[in-house]
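Written out below as structure tokens is the structure these notes cover.
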Amino acid sequence: MAEITQFAPAIAFLPFVSFVVALFFGDYLPKKGAIAGIVATAASLVLSLVMMVNVFTGHSSQETLYTWVGGSEVPFELTFGVLLDPLSTLMLVIVSTIALLVHVFSMGYMNDEGEKGLPRYYAELGLFTASMLAFVFSDNLLMAFMFFELVGLCSYLLIGFWFREAGPPSAAKKAFLVTRFGDYFFLIGVVAVFATFGTAAFGGPGVENSFPHIAEQALNGEATVTTFFGLDPQAWFTVIGLLVLGGVMGKSAQFPFHTWLPDAMEGPTPVSALIHAATMVAAGVYLVARMYGFYALSPTALAVIAFVGGFTALFAATMGVVKREIKQVLAYSTISQYGYIMLALGGGGYVAGVFHLTTHAFFKALLFLGAGSVIIAMHHNEDMWDMGGLKDKMPVTYYAFLSGSLALAGIVPFSGFWSKDEVLYETLVHGLGGSPLLLGAYAMGLLAVFFTGFYTFRMVLLTFHGEPRSDTAKDPHGVRWNVKLPLVILGVLAAVIGVINLVPVHKVVPAVPEFLHDWLFHGPEGLNGEHYEELLHEFAGYTANATFAGSEVVSLLVSAALSLGLALAGAGLALSLYRGPDPVEHTDKLGSVKTLLFNNYYQDEYQVWLAEGFTVPLANAANTFDQRVIDDVVNFVSSVSLFSGDRLRRVQTGVVSNYATLLTLGLVLLLVGFGVFQGWFA
């Protein structure tokens, strides 16, 4: 089946075709181009599954598609290529699955309202999907950066889809600018990779000179690389890793670059589902996983990743407990959950991070699409204060949403429990192995579990339980099959997808397989979990220590019980406060704390102050310096040149006798000067 890989580029090309078709011919097509998008993404999903089966049979591959800079006179090559290995094929299946369901859901969410501009919407959705799929199978960092940026452009277009309103364009610009700020550092990191290693290849079959492999050889004294600023190789590699991490933190909305994501809720809800579950926000953490062979060489970079992840998980979770709009709760939940993925990757849990990325994609897509169903029923009112009593009127939406909520809160046996528990466990055992910073990140991640359970069930209770608190909630609008079908599929996946890696069960009953662990551990040489564990032990000093409770099994069960207990405690507190006849009042009892959290710790105000109080005055000062110093110096030099040229021009009369006179006078002056000079030194 190895030859089947020649069709891999079609995985991204087909959605790109749907983009072209919807953009130019959408007005003449059924459902304004939605059908073209559905057919294209369905074909991408089939091809992704075929590539996954091909990799499963041992045929991981790397193929260069096009060389656009290269040759004997160029010190490096710039290429487009496809890398198919366990990580990339898994992500291809996730992205194409979510994109397909979002396309189907969009027919019920967008078309029912007589929405204008639908061809543009489906075209942008197709381009978004194509960009993310191409980013996933990119075989080098520069190609990944290019599609990383295209993903950002598409998110800008889709967040600002309703551009005739005030909010969406502003939110789109904010998302674009904040993520571009992070991507500025990413671009510098890409240049640094080329300057240091002469290649930006990730690795894979047939690619021996990948930059993670060269970096490993350099630390072992087997290769020589170019470093800068007098830094030793490992310190310089840390700098490169942190530069790329700037782009990761922007895209994955990690503190302090998280402020764009809640505002992005101004876009259509299906877009929110795609952004939060499988595309833009997922792109950042996927890049860390893709480059894990490089990050595993730097304990400092890993510690920063883990600490940022743990802090973001807790920080965002606290803000979710007071929000009134259902999509706002889910937005802060996304920030928090991607913090967990960062915590896992920084804490040495490569498989745990990918596992939580997988489960989160399905249950978060489910929750956003479930919120979209509720918003349709509420005539596009997102305020949970106006909801209530929707359980009996929307049973399909309710039970699907409940499945996603149980997974998000980490309640056994739903998928989020297994992945969240593995994230915390891996961070804990590596922290006990000698990293106090990891223990601090673990503590923040553990505390965030309580807040996650609380805001999740607060959202469920306010939305579906109790008595209707508005006329719309008493008589909600119905939803059609194209809304319900994606919810049913995702509801089942949110409940059962955790079976791919039942770590606690496997430890107790070894006969239970760990599919994802085995999948990620047997990739190409240098691109698999087994190799990453060796690097973590050798270079980062990550040593697992699970003896704090007597044995590994007991340690794992104690860790799982602790996180589950905190999740249940948070859910229980929400149940006790928000199931009564007037649940709304309890949030107001928080007083000034509620004000602080509701205003997001005044992060937006702080950033505005920073821009207006520091950046703008600094820019004005630079502009003044440029005008009054630099321009004056340049103008002075030009004035001297013009004056001198004008005077010399007058000498050029074209009269031969004048030239002869000047020549004679010059010769006399030289002779006199020479004589005087000789007299001084006689």
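Not measured: the values here are computed from a predicted model. One-based numbering along the sequence shown.
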Heavy-atom distance under 4.5 Å between the side chains of [X] and [Y], does that happen here?
X      : Y      : value
Ser405 : Leu367 : yes
Leu573 : Phe450 : yes
Leu402 : Phe414 : no
Tyr350 : Leu520 : yes
Leu92  : Met52  : no
Tyr121 : Leu158 : yes

Exceeds 12 heavy-atom contacts within 6.0 angstrom, atom [atom1] of [X]:
X      : atom1 : result
Tyr156 : OH    : no
Phe307 : CZ    : no
Lys173 : NZ    : no
Tyr399 : OH    : no

Mind checking the [atom1]-[atom2] spacing from [X] to [Y]? Nearest 0.5 Å is all I need.
X      : Y      : atom1 : atom2 : answer
Phe362 : Ile94  : CZ    : CD1   : 5.5 Å
Leu274 : Phe105 : CG    : CZ    : 12.5 Å
Ile305 : Met342 : CD1   : CE    : 5.5 Å

Considering all heavy atoms, the nearest [X]-[Y] contact:
X      : Y      : result
Ala331 : Leu261 : O-CD2, 3.9 Å
Gly348 : Glu426 : O-OE1, 4.3 Å
Ile159 : Ala175 : CD1-CB, 3.9 Å
Ser563 : Val449 : O-CG1, 3.2 Å
Thr452 : Ala409 : CG2-CA, 4.1 Å
Leu487 : Ser373 : CD1-CB, 4.0 Å

With no hydrogens and no angle check, is any side-chain donor or acceptor of [X] less than 3.5 Å from a backbone partner on [Y]?
X      : Y      : value
Tyr292 : Leu345 : yes
Ser336 : Tyr332 : no
Asp421 : Ala560 : yes
Arg469 : Leu462 : yes
Ser252 : Met249 : no
Trp519 : Pro86  : yes
Trp260 : Gly250 : yes

- Side chains of Gln337 and His356, donor plus acceptor under 3.5 Å: yes
- Any chance the side chains of Ser419 and Tyr340 put a donor and an acceptor closer than 3.5 Å? no
Which class fits the ring pair [X] and [Y]: parallel under 30°, tilted 30 to 60°, perpendicular over 60°?
X      : Y      : result
Tyr601 : Phe315 : parallel
Phe368 : His276 : tilted
Tyr109 : His380 : tilted

- Item | Residue pair Tyr338, His360: steps toward the ring-ring contact (aromatic ring centres under 6.0 Å, His included) verdict | CA-CA 9 Å; Tyr338 277 101; His360 178 265; 4.8 Å; yes
